[in-house]
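To keep things clear, I will list the structure first and then write my remarks on it.
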There are 2 protein chains.
Amino acid sequence: MKSSRSATARTYDFPRPAVTVDVALFRPTAPGTHVRLELLLIRRDLPPFRGDWALPGGFVRENEDLPEAAGRELEEEAGLKQVVLYQVGAVGTPGRDPRGHTVTVLFVGLSRNPGVLSAGGDATSADWFVVDELPKLAFDHAVLVTAARASLRERVEDIRFLQDLLPAEFTLAELQGLTEAVLGTELDVRNFRRKVREAVVATGGVRREGAHRPAQLFRFARGKSRR
Amino acid sequence: MKSSRSATARTYDFPRPAVTVDVALFRPTAPGTHVRLELLLIRRDLPPFRGDWALPGGFVRENEDLPEAAGRELEEEAGLKQVVLYQVGAVGTPGRDPRGHTVTVLFVGLSRNPGVLSAGGDATSADWFVVDELPKLAFDHAVLVTAARASLRERVEDIRFLQDLLPAEFTLAELQGLTEAVLGTELDVRNFRRKVREAVVATGGVRREGAHRPAQLFRFARGKSRR
DNA sequence: TCAAAAGTGTTGAAGATACACCCATGG
DNA sequence: CCATGGGTGTATCTTCAACACTTTTGA
């Protein structure tokens with residue numbers, strides 16, 4: 001990209017949009033019970049949309065790569081590090097920010113170990129919200145969240161997408177619960193297990209908890225994805 | 001979105017990347033023979049990469065939407081209008097433009113009726129290149145082209161993606177040739193026809209050309225896509 | 001009558017869906 | 001012994017891949 005018409009491209013004499021990143025970071029609620037997805041939101045303490053909740057995000061800095069900016073914002077605004085993100089796309093509709101034209105690049109992630117949420121920087125507070133009960137969102141963030149969820153649903157078709165999210169060892173019930181949370185639908189136990197059979201291998205260990213049969217532990221097999 | 005930390009966001013006191021759009025516009029070679037894809041490129045007449053070929057593109061203007069900017073650049077640099085484009089994503093790797101940090105949003109399109117290429121504006125010339133024999137490209141445009149082709153291949157899985165590209169009436173051989181050009185592989189005639197059967201309807205007309213059986217004409221049926 | 005492209009069906013394999021019962025454990 | 005979640009197999013349907021010959025026409 002960047003097929004500018006001027007050789008002195010750094011000295012623009014016209015106004016231009018700013019670039020931001022926004023991050024839709026999801027996490028599953030605790031396994032065991034019915035797993036649901038939660039979304040990380042930041043409460044805005046400055047206008048516009050003061051007091052509303054918004055996706056973490058902010059301006060991309062000069063010579064900063066987009067994923068880097070997304071990770072930085074996540075750390076600055078919620079104290080989260082080492083989160084795996086991927087890009088969904090860019091949105092630049094004029095008017096989406098009342099202060100001026102911004103083009104945002106949307107990143108999505110699924111987080112394990114959410115760690116401690118520290119409302120750092122200028123963000124009043126950060127919190128997790130169940131995705132089906134979100135508060136009113138600032139800017140066009142509701143649209144972004146919809147796009148983010150749709151993208152997640154597509155990705156999880158390849159079960160290995162969840163590899164970074166689960167601990168090294170997990171039970172198939174955990175894997176299924178997480179998949180169901182992302183898809184928003186329930187899956188048949190037997191069909192699910194057949195489908196993931198080639199992607200995981202039993203470690204031999206078991207997990208005992210509660211008055212019932214212990215669950216075998218699995219890990220992801222090496223090798224490429226399927227489907 | 002735009003979760004800035006300043007309420008006076010328009011007065012940034014730090015340097016920031018510029019936003020560009022780039023367009024990978026493909027077209028099929030003439031049907032009848034073996035259909036191949038060609039890509040529209042613009043010859044750069046200014047440094048950097050002076051003399052190299054590049055994707056059409058340029059800076060996004062203040063309060064201009066991204067698809068609008070992509071269409072405008074296509075018109076300015078190649079004289080093409082009314083091309084249907086869709087977005088693939090954003091790339092903002094520092095160093096991708098030696099003049100300074102730019103974030104580009106990549107758009108892709110498939111063009112029918114390419115019209116007359118007018119090397120307008122500052123572009124020395126515009127031309128079509130068979131995708132398997134591209135010249136050296138400026139910036140990181142080779143990467144963008146690869147991403148664009150991969151995206152096209154995914155989209156064409158839904159045959160209706162080609163709806164905007166074909167004339168109102170077309171033969172199944174034309175439809176198949178175009179699909180094959182996008183995929184870069186050959187398809188079985190019978191399987192292809194079975195697959196598209198529900199998406200198209202015969203208009204009753206035929207096209208006669210050459211010393212062989214005339215081809216029936218089809219149009220796309222109304223209704224949503226499948227698969 | 002010939003060359004050239006249009007058109008057409010069947011079979012097998014793989015993948016998806018639907019569905020119900022036994023197992024191992026802790027309390 | 002019972003409540004709880006873990007674990008398993010079969011039948012059906014749909015989808016995809018492979019594969020070869022007949023039809024219609026203009027020259």
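For the pair A:Arg208 CZ and C:dA24 P, the computed distance is 12 Å after rounding to whole Å. Atom CZ in B:Arg207 sits about 10 Å away from atom P in C:dA6, given to the nearest Å.
Each of A:His212 and B:Arg193 lies near DNA chain C, and the nucleotide nearest B:Arg193 is the one positioned closer to the 5' end.
Ring-plane geometry between A:Phe220 and A:Phe170 is classed as tilted, the angle between the planes lying from 30 to 60 degrees on a 0 to 90 degree scale.
If you check C:dC23, D:dT8, C:dC19 against the side chain of A:Arg213, the one that comes closest is C:dC23. Distance from the side chain of A:Asn191 is smallest for C:dA18 among the nucleotides C:dT8, C:dA18, C:dA6. When distances run from any side-chain atom of A:Arg190 to the nucleotides C:dC23, C:dG7, C:dA20, the shortest one goes to C:dA20.
Between the side chain of B:Arg194 and the base of C:dT10, at least one donor-acceptor pair of N or O atoms lies under 3.5 Å.
Listed for the A:Thr179 side chain is a donor-acceptor partner under 3.5 Å among the backbone atoms of A:Leu175. One N or O on the side chain of A:Gln87 and one on the backbone of B:Ala90 form a donor-acceptor pair closer than 3.5 Å.
One finds no salt bridge joining B:Arg44 and B:Asp52 here, because no Lys/Arg side-chain nitrogen approaches an Asp/Glu carboxylate oxygen to under 4.0 Å.
A sub-4.0 Å separation between OP1 or OP2 of C:dG7 and a side-chain N or O of B:Gln216 is present.
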